[in-house]
Q: 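Got a structure for you, written out below as structure tokens; questions coming shortly.
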Amino acid sequence: SRSRRWFELIADRKGETIADLADREGVARAWISNQLPLAFLAPDIVRAIMHGDQPSTLTLDRLIAIAARSDWFEQRAAFARL
């Protein structure tokens, strides 16, 4: 949810950068840049995680790698392979 909020803040405020957001949030730019792809996860993957139905092998790093795929079909396939 935080990555979606960050994306919306960047998208809604013309000229605001990740650096501006990081300063305001009190976190490193790299942290935001690393987690921003989570804003683009397929909705059913988000629902599965919210309901606790994620694989036990799911880690934040793996989830970020899945989210970096632009196609939801590819995200779902990667999530299913965990």
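Here the structure is a predicted model, which is why all the values come from computation and not from measurement.
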Q: Using side-chain heavy atoms (C-beta onward) and a distance below 4.5 Å, is Arg62 in contact with Gln54?
A: no
Q: With a 4.5 Å cut-off on side-chain heavy atoms, are Val46 and Arg4 touching?
A: yes
Q: Would a hydrophobic clustering, with Ile, Leu, Val, Met, Phe, Trp and Tyr connected at side-chain separations under 4.5 Å, put Trp72 with Ile49?
A: no
Q: Report yes if some heavy atom in the side chain of Leu63 is under 4.5 Å from a heavy atom in the side chain of Leu41; otherwise report no.
A: yes
Q: For residues Arg69 and Phe40, determine if any side-chain heavy atom of one lies less than 4.5 Å from a side-chain heavy atom of the other.
A: no
Q: Are Ile64 and Met50 connected, step by step, through hydrophobic side chains (Ile, Leu, Val, Met, Phe, Trp, Tyr) whose heavy atoms are closer than 4.5 Å?
A: yes
Q: Taking the side chain as every heavy atom from C-beta outward, state whether Asp20 and Ile10 have any atom pair closer than 4.5 Å.
A: no
Q: Is Glu16 salt-bridged to Arg24, cutoff N-O under 4.0 Å?
A: yes
Q: Is it the case that more than 12 heavy atoms not belonging to Arg29 sit under 6.0 Å from its CZ atom?
A: no
Q: Quick one: does Ser3's side chain have a donor or acceptor within less than 3.5 Å of a partner on Leu36's backbone?
A: no
Q: Determine yes or no for a side-chain-to-main-chain donor-acceptor pair under 3.5 angstrom, with Arg76 supplying the side chain and Ala42 the backbone.
A: no
Q: Counting only N and O atoms by type, is there a donor-acceptor contact under 3.5 Å from the side chain of Trp6 to the main-chain atoms of Ile18?
A: no
